[in-house]
Protein chains: 4
Amino acid sequence: MRPENETEGRRRSFIEEARRRQIIAAAVEVISEVGYANASLARIAKRAGISKGVISYHFDGKDELMAELVIQLYVSGGEFMTPLIGAAVGPHDQLMTYLASNLQFIDANRIYVAVLTDVVLNLRNADGTLRFTSEGGEEPIIRPLIDILRAGQDTGVFGDFDPVVMAKVMRDTIDGAAGRAIREPDWDAGTYADEVCRLFDLATRKGKGE
Amino acid sequence: MRPENETEGRRRSFIEEARRRQIIAAAVEVISEVGYANASLARIAKRAGISKGVISYHFDGKDELMAELVIQLYVSGGEFMTPLIGAAVGPHDQLMTYLASNLQFIDANRIYVAVLTDVVLNLRNADGTLRFTSEGGEEPIIRPLIDILRAGQDTGVFGDFDPVVMAKVMRDTIDGAAGRAIREPDWDAGTYADEVCRLFDLATRKGKGE
Amino acid sequence: MRPENETEGRRRSFIEEARRRQIIAAAVEVISEVGYANASLARIAKRAGISKGVISYHFDGKDELMAELVIQLYVSGGEFMTPLIGAAVGPHDQLMTYLASNLQFIDANRIYVAVLTDVVLNLRNADGTLRFTSEGGEEPIIRPLIDILRAGQDTGVFGDFDPVVMAKVMRDTIDGAAGRAIREPDWDAGTYADEVCRLFDLATRKGKGE
Amino acid sequence: MRPENETEGRRRSFIEEARRRQIIAAAVEVISEVGYANASLARIAKRAGISKGVISYHFDGKDELMAELVIQLYVSGGEFMTPLIGAAVGPHDQLMTYLASNLQFIDANRIYVAVLTDVVLNLRNADGTLRFTSEGGEEPIIRPLIDILRAGQDTGVFGDFDPVVMAKVMRDTIDGAAGRAIREPDWDAGTYADEVCRLFDLATRKGKGE
DNA sequence: GATGAATGAGAGTTCATTCAT
DNA sequence: CATGAATGAACTCTCATTCAT
């Protein structure tokens with residue numbers, strides 16, 4: 001048995017990291033097929049081609065595995081979008097890029113997004129509260145969006161609206177699109193992105209008379 | 001024992017209907033506290049102050065209970081909003097009323113909405129597919145919204161946009177707001193509704209130059 | 001509620017007897033279809049078109065119902081065969097008639113015989129022992145057969161054999177035939193009876209050299 | 001967890017085979033005491049001194065356990081008798097050996113035979129049909145007996161009778177004896193076998209005048 | 001590091017029985 | 001007399017977790 005249970009950033013060997021990624025990958029596959037509720041460790045282990053005990057060995061328990069899965073998927077999403085948005089110039093372009101790249105990422109990673117959603121909406125703490133969607137937990141996620149909107153208002157590019165509410169609606173549009181990407185096989189990300197960009201362009205641009 | 005398994009509109013005694021509602025109410029409470037995945041029949045029965053067997057007696061099984069719960073909550077939502085929207089005149093007013101009344105209903109029924117979402121996203125058929133969010137299943141839900149948008153475009157009140165995508169974004173905004181109503185105790189439905197109405201008013205109205 | 005539970009020969013009203021027969025008839029049907037193990041009171045009540053409670057009202061419990069069922073079926077079998085055997089003259093004819101009439105009764109009452117067998121082999125006392133096939137319980141059943149065989153030996157019609165063993169083999173042949181009547185739809189009672197009579201005629205007749 | 005569900009001859013570790021045999025042995029004991037209908041997994045596990053889950057771990061379910069039990073008992077019966085019958089020479093000796101060795105085996109394995117009977121008469125498929133006594137399922141069991149009888153008739157050792165009916169009566173005699181071995185503690189297999197052999201010798205031998 | 005084996009709690013469901021109406 | 005409702009125990013089965021090897 002490992003000498004102790006690493007809770008934080010304790011160093012892990014390369015081989016151990018590989019095992020963890022392998023197990024998480026198997027978990028993603030299983031959840032995408034049968035849903036979080038039916039994704040037992042037995043099923044995940046069988047999918048990974050290993051024995052059940054290995055999972056318990058590498059993770060503190062099922063919950064830690066799921067939490068790690070969420071973090072890993074979320075990080076890989078950020079890695080995809082951050083450079084794209086950074087390359088855009090000015091609030092308007094940044095906003096459009098933010099929306100488009102998010103939808104594009106969803107389109108290219110439908111399964112991952114579906115699994116992420118499933119876990120986030122189901123994984124709970126011991127006291128019954130949701131682990132990831134707890135109050136205020138969204139703040140870091142929509143922070144950059146709010147910043148873009150505020151910058152646009154300050155520079156006179158955007159009109160007069162509540163940037164927090166606007167950011168939340170945008171976020172819900174993206175999350176909702178994630179659901180569509182899962183449920184609607186012929187959902188077309190490109191045209192959807194075009195329409196969404198146009199919509200929010202109209203909603204945020206400075207009015208003629210203003 | 002009930003004479004047979006009533007699938008459709010078989011008549012049920014008043015007392016039986018009362019029990020069914022009581023059990024559903026207990027299920028709603030339990031799910032709102034511990035989530036769908038942890039809402040066992042034992043917990044629901046204890047909450048209702050009855051024995052486990054009673055649930056099996058009045059419902060064909062856990063799944064039928066959950067399905068009934070969804071239907072009941074959904075129906076009560078429709079009963080709330082339909083008359084409001086019907087009273088509005090013209091596409092623009094109808095749209096604004098639709099958005100506002102939805103958000104208002106969510107605000108007044110936060111727990112119900114949260115539970116409804118939880119069950120809908122988790123209840124599955126025997127083959128593993130989601131029971132309520134199956135592809136195309138959304139159509140009847142956004143149908144009236146699309147009709148309003150199309151009517152507005154035909155009469156020249158609304159501008160040029162894809163009414164289906166627009167309706168979907170609106171729907172996602174409402175569903176997202178439902179999540180906020182649950183997670184953010186001080187979420188203010190009134191100001192949120194004002195901003196959302198303004199947003200979609202700008203996004204749908206006929207442009208000056210058009 | 002009835003003033004007391006009649007255990008023995010307490011008089012029952014005509015209407016009560018009718019109810020009891022109705023319930024037993026339903027039980028026979030159900031057992032013949034799903035077997036003793038799956039014949040729940042609920043199923044029997046549904047088949048009889050009455051409520052579950054009625055059974056508990058008219059019988060002391062499931063076991064008493066089953067015991068009554070066995071007795072009723074057994075009695076009706078005796079009523080069928082006794083006059084036939086009584087009409088035969090001489091041990092040889094009586095034996096042949098006994099065998100043939102038993103097989104004929106089985107043929108004409110396949111379902112009843114199957115159910116009788118099923119219950120007898122499964123109904124148990126509280127201590128786990130079989131209720132009907134307990135040691136020595138068979139004696140009254142093969143008694144008349146032994147008497148016929150002994151009479152034949154005494155009068156010199158039959159040869160020298162152990163009449164008890166011979167009677168038991170005959171009984172097992174009949175019981176076995178009951179099983180065949182159930183399992184083999186095209187089992188032909190007539191030719192089977194002919195062969196069985198011939199077989200036991202040869203086995204019991206006085207040898208040439210004796 | 002076992003890698004997969006072995007239906008056929010997949011290799012099992014020695015230790016797993018031992019466990020399976022241990023569980024089956026416990027099941028035999030329990031069934032012999034309380035009958036198939038009352039032989040719950042909980043009781044069997046307690047008798048084996050293990051936890052309930054172990055049974056589910058080693059068997060696919062209760063039904064597989066019971067089916068395995070039947071097969072194991074049946075095979076061990078065949079192993080006992082086949083060499084004995086093979087050693088006998090000529091139809092007459094083979095027939096006598098068949099009858100005697102069957103009764104001897106029953107005598108030496110009373111409990112096993114009783115349990116086998118109980119399970120065979122109760123274990124059912126999902127559709128309600130009996131699993132082991134399905135129509136035609138008896139054919140392989142009485143096949144060797146029929147062959148012996150036919151051979152005897154062809155060589156002129158046996159008289160003129162229907163070999164199939166004769167074989168069935170013999171089989172029923174043996175099965176019936178199994179029941180007696182269970183219910184009648186002082187049932188004497190030796191004298192019973194002598195009488196049975198004599199009986200069927202008379203019934204099958206070629207008549208003087210033929 | 002990894003495995004197979006075992007545990008024990010808890011899941012949904014069925015059932016015989018009881019009882020107020 | 002009969003019913004529908006409720007009980008509580010027992011059922012099979014699944015699960016996350018632990019542990020000796």
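Reminder, nothing fancy here: chain letters follow the sequence lines and each chain counts from 1.
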From [options], nucleotide with atom closest to [X] side chain:
X     : options              : result
D:S56 : F:dC13, E:dA6, F:dT7 : F:dC13
D:K62 : E:dG4, F:dA6, F:dC13 : F:dC13
D:A42 : E:dG4, F:dC11, F:dT3 : F:dC11
D:H58 : F:dG4, F:dC13, E:dA6 : E:dA6

Between [atom2] on [N] and [atom1] on [X], what's the gap in Å once rounded to a whole number?
X     : N      : atom1 : atom2 : answer
A:K46 : E:dG4  : NZ    : P     : 13 Å
A:N38 : E:dG12 : CG    : C1'   : 14 Å
A:Y36 : F:dC15 : OH    : P     : 13 Å
D:I55 : E:dG8  : CD1   : P     : 14 Å

Exercise for the section: Quick one: look up who E:dA20 pairs with, Watson-Crick or G-U, both distances under 3.5 Å, and put none if it's unpaired. Expected result: F:dT3
Practice task
Using a cut-off of strictly less than 4.0 Å, decide whether B:S51 has a side-chain nitrogen or oxygen near OP1 or OP2 of F:dG8.
Solution key: no
Practice task
Return no unless some side-chain N or O of B:R43 is found under 4.0 Å from OP1 or OP2 of E:dG10.
Solution key: no
Handout entry: Distance (rounded to the nearest 0.5 Å) between A:L73 CG and A:E68 CD
Key = 10.5 Å
Exercise for the section: State, with a plain yes or no, whether a side-chain heavy atom of B:M66 is found less than 4.5 Å away from one of B:R131. Expected result: no
Handout entry: C:I44 versus C:A39, closest heavy-atom pair with distance
Key = CD1-O, 4.1 Å
Practice task
Give the minimum heavy-atom separation between A:N38 and A:R43, together with the two atoms involved.
Solution key: O-NE, 3.1 Å
Exercise for the section: Nearest-nucleotide wise, let me know which of C:I15 and A:D63 is further upstream toward the 5' end of DNA chain F. Expected result: C:I15
Problem - Check: F:dT7 base within 3.5 Å donor-acceptor of B:K52 side chain - result: no
